[in-house]
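Note: hydrogens, waters and symmetry copies are ignored here, and every other heavy atom, side chains too, is used. Since the structure is predicted, the reported quantities are computational estimates derived from the model, not experimental observations. Whatever order the structure lists ligands and atoms in, that order sets their numbers, starting from 1.
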Amino acid sequence: MAIFEPTDENLSKAGELIRQGELVSFATETVYGLGANALNPEACEKIFKAKNRPHYDPLIVHLASVDQVDDICKEMPTKAQQAAEAFWPGSLTMILPKKDVVPDSITANLDTVAVRIPNHPVALGLLQNAKVPIAAPSANPFGYLSPTTAAHVEEQLGDKLQIILDGGECDCGVESTIIDFTTEPPELLRFGGISQEQIESVCGKINLGKPVLERPLAPGQLASHYSPNTELIILKEGESAKETDGKVGFLKFGDQNLNINVDQTEEVSLDGNLEEAAHNLFSALHKLDDSNLDVIYAYEFPDKGIGRAIMDRLKKAAVKL
Ligand code: AMP
Ligand code: MG
């Protein structure tokens, strides 16, 4: 059993492990992370190996406080500073020009680095104890559903880890929003915990950019991500599901109903609350995927606020290669 309560003693031990170049999984408000000392390329190599993650997918570096940005980034444009003031600690990741201390192997050889200050006492406690920046993607095998509980991590990567710091269910439940502040206007590269509307209210107009993984680095490889093993089909409002002899799962939001017989329903929010749906999304998909179903259905989510982050995850989960 690799799951530990985040006591002072365990946080201190975990910080020591990070300094020694080992992996630690920890709770954040978005999803559980798989962390290593960001300034130690051999340690970060263990992340890529444990997740089976390709090196063209760069890592996010987590910091304990905003004054650490200066240690790893060449500059922080005014809009990035404004965003930091408004949303950090929180689920916003910023792309900034990197300093040479950041290993090229964790940025896919880009001259920029992704940075974030997480808003969770376990993540912050670990960062304070480790006293180094921590590179951490989600603690799941590459391409599979993200983990939002310590049990999800244990199930998927437990045999590769000495310690998973338990912080309960992740509050936000979807990954951070990623904004590239090296361009003007800044570009949104991934929908996430903080909505485009919230960011624009602080930074002005944001363009929609192409995420690293959708640029022609690795053609055709990465439309699929966050995926259950079971087939997932997304229906438009009013669209019907096909009759089937197989077992059917339904990811239900608000008062939606499916037109065919459903064997298992997971409700992400009874009263149609998008924040609550994001919080429950991956847990519901994990449960459905563990239930020997033949197909999972979901309806499209509203195209606003965190609904866009949910739809982004669902669309990528529905692609089978
Ligand atoms: P995650 O898998 O949640 O850790 O998210 C990491 C994602 O951040 C990557 O898949 C990239 O899309 C994005 N990312 C990380 N570093 C950079 C960078 N330097 N420039 C652009 N996007 C980045
Ligand atoms: Mg991930």
Taking the Mg ion (ligand 2) as the centre, how many protein N/O/S atoms fall inside a distance shorter than 2.8 Å?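 N, O or S atoms of the protein closer than 2.8 Å: 1.
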Could you check His152 against Tyr32 for ring-ring contact (aromatic ring centres under 6.0 Å, His included), going step by step and ending with a plain yes or no? CA-CA 9 Å; His152 292 157; Tyr32 273 70; 8.3 Å; no
Per-atom contacts, ligand 1 versus [X] - under 4.0 Å to a heavy atom:
X: Pro137; answer: 4 (O)
X: Leu110; answer: 18 (C), 19 (N), 20 (N)
X: Thr112; answer: 18 (C), 19 (N), 20 (N)
X: Leu189; answer: 21 (C), 22 (N)
X: Val212; answer: 20 (N), 21 (C), 22 (N), 23 (C)

Please list, chain by chain and in numerical order, all residues satisfying ring pair (Phe, Tyr, Trp, His ring centres under 6.0 Å) with Phe253, sequence neighbours excluded.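 Ring pair (Phe, Tyr, Trp, His ring centres under 6.0 Å) list for Phe253, sorted by chain: Phe301.
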Going through the checks in order, is the side chain to side chain contact (heavy atoms under 4.5 Å, CB included) test met by Asn37 and Ile134? CA-CA 5 Å; Asn37 179 354; Ile134 296 180; over 6 Å; no
Which segment of [X] sits under 4.0 Å of ligand 1 when only heavy atoms are counted:
X: Asp180; value: neither
X: Lys98; value: neither
X: Pro211; value: neither
X: Arg53; value: side chain
X: Ile178; value: side chain

Quick one: does Thr107 get a heavy atom under 4.0 Å from ligand 1?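 Under 4.0 Å: no for Thr107.
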Can you tell me if Asn140 and Lys51 form a side-chain donor-acceptor pair at under 3.5 Å? yes
In terms of side-chain heavy atoms, does Thr93 have a donor or acceptor partner in Ser176 at a distance below 3.5 Å?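 Short answer, yes.
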Only one of Asn207, Ile199, Leu208 passes side chain to side chain contact (heavy atoms under 4.5 Å, CB included) with Leu188; say which it is. Leu208
Taking the inter-plane angle between the rings of His286 and Tyr144 on a 0 to 90° scale, is it parallel (under 30°), tilted (30 to 60°) or perpendicular (over 60°)?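 Judged by the thresholds at 30° and 60°, the geometry between His286 and Tyr144 is perpendicular.
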Do you know which two heavy atoms are closest between Lys99 and Asp70, and how far apart they sit?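 Heavy atoms only, the tightest pair is NZ-O, 2.6 Å.
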Nearest non-hydrogen partners of Gln256 and Glu300, listed with the distance: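 For Gln256 versus Glu300, the nearest heavy atoms are NE2-O, 4.4 Å.
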When you look at Leu59 and Arg53, which way does the side chain to side chain contact (heavy atoms under 4.5 Å, CB included) test go after all the steps? CA-CA 10 Å; Leu59 305 179; Arg53 179 173 172 120; 3.5 Å; yes
Could you tell me whether Asp312 and Arg308 make a salt bridge, using a distance below 4.0 angstrom between a side-chain N and a carboxylate O? no
Which of these, Glu175, Arg190, His62, has its nearest heavy atom closest to atom 5 (O) of ligand 1? Arg190
Separation between CD1 of Ile60 and OG1 of Thr107, rounded to the nearest 0.5 Å: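 Here the interatomic distance stands at 13.0 Å.
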